[in-house]
Chemist: 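Please find one structure pasted underneath; my questions will follow.
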Amino acid sequence: MELSYSDVKAAADRITGHVRPVAIARGDASGELWLALEFMQHTGSFKARGARNFIQAHQDAGTLPDAGVTIASGGNAGLACAWAAREQNVRATVFLPTTAPMVKIERLRGYGADVRLVGTEYADALVACREFADTSGALLSHAYDNPYIAAGAGTLMVEIHHLLPRLDTVVVAVGGGGLFAGVATAAGHFGVRTIAVEPQRCRALHDAIQAGRIVDAPVDSVAADSLGARRATELALHAAQNYDVTSVLVPDADIIAARMALWQDRRLAVEHAAATALAALTTNAYRPEPGERVCVVLCGANTDPADLVR
């Protein structure tokens, strides 16, 4: 399975005007480091792009059923799916384990989703979601393993390139690989290098690259709530193997430090996944060449900021 720039461009044509354009900020005085503030996106993460593209593409193709969409996710993907569905007058049914925090349940309901609590683990909710899709005819969505989702995420790179046409390198955190696949595909089209950053103990893409195929990877990191995919997608592996991509790993301690630095230095409260991308530079896991123009994607801010205030 592979993604092309034409898929990303089609996604951009669909969702432009329906998502918030990315804002960028200088990361240093030299103008060689930039921060893409994608955490300011609807629902607090880049996921809104893919969710909007997924639903719109199916609406345009006439393949969106009356039963609407369904997803198993209490995180950023579930919020994005519920938001996009509300914006497009589509029914959304979101499955969560009974252990899900009430704040997430209430936020999903605030977007108009039909929230169903099943079992005590995400796996229980996923099984129920798939059964619901089979019996109701609802369109099954996924947090990252879908070409429409990945292409929608890639529209972020189109906007970054428009704002920074002389960019050399983009740095992005990787979980299952939806954001990475979209960004790397668009970056490859523009001749921009992609740095794929993962926690040392959540390294599904890194291990897949090393093995040359999709493999199971451990999930044990402070950023696992967003980056804790056990397997990368075929879309992500294809992008890693076919574009100018460098895969690096960063330890949890440095992810925590990067997140704290963003708060202390800039008053930016981001989730650990966003800080993971920045940690590649603060730890020198990736060291830019002199004069290299780099943009770090701060992908989400759905976090509890209580541990940032001291």
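As the structure is a computational prediction, the values presented were derived from the model and not from experiment.
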Chemist: Any sub-3.5 Å donor-acceptor pair from R201's side-chain atoms to S221's backbone N or O?
Modeler: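 Between the backbone of S221 and the side chain of R201 there is no qualifying donor-acceptor contact (under 3.5 Å).
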Chemist: What closest approach, in Å, do L167 and C295 show between heavy atoms, and which atom pair accounts for it?
Modeler: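 Looking at all heavy atoms of both residues, the shortest contact is CD1-N, 3.6 Å.
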Chemist: Look at the aromatic rings of H189 and Y5 and report parallel, tilted or perpendicular, splitting at 30° and 60°.
Modeler: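 Parallel: the ring planes of H189 and Y5 meet at under 30°.
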Chemist: Salt bridge (charged side-chain N to carboxylate O under 4.0 Å, His left out): which pairs involve residues 24-33, sequence neighbours left out?
Modeler: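 Residue pairs with at least one partner in residues 24-33: there are none.
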Chemist: Heavy atoms only: give me the nearest A57-Y148 pair and the separation to one decimal.
Modeler: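 That closest heavy-atom pairing would be CB-CE2, 3.5 Å.
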Chemist: What pair of heavy atoms forms the shortest contact from P21 to R49, and how long is it?
Modeler: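 For P21 versus R49, the nearest heavy atoms are C-NH2, 4.4 Å.
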Chemist: Could you grab the distance from atom CG of L298 to atom CZ of R259, nearest 0.5 Å is fine?
Modeler: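 Nearest 0.5 Å value for the CG-CZ distance: 12.5 Å.
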Chemist: State plainly whether one hydrophobic cluster holds both Y144 and L205, where clusters connect Ile, Leu, Val, Met, Phe, Trp and Tyr through side-chain heavy atoms under 4.5 angstrom apart.
Modeler: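 In one cluster with Y144: L205, no.
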Chemist: Ignoring hydrogens, what is the shortest heavy-atom contact between S226 and A273? Give both atom names and the distance.
Modeler: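 Where S226 meets A273 most closely, the heavy atoms are CB-CB, 3.6 Å.
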Chemist: With hydrophobic residues grouped by side-chain heavy-atom distances under 4.5 Å, do V174 and V215 end up in a single group?
Modeler: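 No, V174 and V215 fall in different hydrophobic clusters.
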Chemist: Surrounding CG of D66 (heavy atoms of other residues, nucleotides or ligands, distance under 6.0 Å), is the total greater than 12?
Modeler: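 Not more than 12 within 6.0 Å, no.
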Chemist: Treating T98 as the side-chain partner and G119 as the backbone partner, does any N or O pair qualify as donor plus acceptor under 3.5 Å?
Modeler: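 At least one qualifying donor-acceptor pair exists.
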Chemist: What are the two closest non-hydrogen atoms of G137 and A67, and how far apart are they?
Modeler: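 Scanning both residues completely, I find the closest heavy atoms to be C-CB, 4.1 Å.
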Chemist: Taking L249 as the starting point, is it possible to reach I195 by hopping between hydrophobic residues whose side chains are less than 4.5 Å apart?
Modeler: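 I195 does not cluster with L249.
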Chemist: Working to the nearest 0.5 angstrom, can you tell me the gap between E271 CD and T276 OG1?
Modeler: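 Reported value, rounded in 0.5 Å steps: 9.0 Å.
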Chemist: Is the number of heavy atoms from other residues, nucleotides or ligands under 6.0 Å of R109 CZ greater than 12?
Modeler: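 Result for CZ/R109: enclosed.
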Chemist: Between D114 and R116, does a salt bridge (charged side-chain N to carboxylate O under 4.0 Å, His left out) hold up when you go through it step by step?
Modeler: CA-CA 7 Å; D114 176 3; R116 304 195 182 187; 3.0 Å; yes
Chemist: Thinking salt bridges, do E38 and R20 make one under a 4.0 Å N-O criterion?
Modeler: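 No, E38 and R20 are not salt-bridged.
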Chemist: Roughly how far, to the nearest 0.5 Å, is SG of C299 from CZ of F180?
Modeler: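 Reported to 0.5 Å precision, the distance equals 14.0 Å.
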Chemist: Using every non-hydrogen atom in the two residues, find where L3 and A151 come nearest and quote the distance to one decimal.
Modeler: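 For L3 versus A151, the nearest heavy atoms are CD2-N, 4.0 Å.
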Chemist: Taking the side chain as every heavy atom from C-beta outward, state whether V22 and L163 have any pair of such atoms under 4.5 Å apart.
Modeler: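 Touching, per the 4.5 Å side-chain cut-off.
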Chemist: State which residue, out of E292, E289, R293, fulfils the side-chain hydrogen bond (donor to acceptor under 3.5 Å, both in side chains) condition with T169.
Modeler: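 Only one option passes, and that is E292.
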Chemist: Can you tell me how far apart NE2 (H58) and CG (L139) are? Round to the nearest 0.5 Å.
Modeler: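 With rounding to 0.5 Å, NE2 (H58) is 4.5 Å from CG (L139).
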Chemist: Can you give me every donor-acceptor pair (side chain of residues 227-241, partner residue at least two apart or in another chain, under 3.5 Å) with its distance?
Modeler:
| unit_1 | atom_1 | unit_2 | atom_2 | d |
| --- | --- | --- | --- | --- |
| R230 | NH1 | A217 | O | 3.1 |
| R231 | NE | D216 | OD1 | 2.7 |
| T233 | OG1 | L235 | N | 3.4 |
| T233 | OG1 | A236 | N | 3.0 |
| H238 | NE2 | N242 | ND2 | 3.3 |

Chemist: Please determine if R267 forms a cation-pi arrangement with W263, meaning its NZ or CZ atom is less than 6.0 Å from the six-membered ring centre and no more than 45° off the ring axis.
Modeler: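 So R267 does make the cation-pi contact.
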Chemist: Could you check K9 against D13 for salt bridge (charged side-chain N to carboxylate O under 4.0 Å, His left out), going step by step and ending with a plain yes or no?
Modeler: CA-CA 6 Å; K9 181 61 170 62; D13 292 341; 2.9 Å; yes
Chemist: So how far is it from L179 CG to N76 CG, rounded to the nearest 0.5 Å?
Modeler: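 Output value for this atom pair is 11.0 Å.
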Chemist: Please name all residues satisfying side-chain contact (heavy atoms from CB on, under 4.5 Å) with E87, sequence neighbours left out, ordered by chain then number.
Modeler: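 If we apply the side-chain contact (heavy atoms from CB on, under 4.5 Å) test to E87, skipping adjacent residues, the hits are R52, W83.
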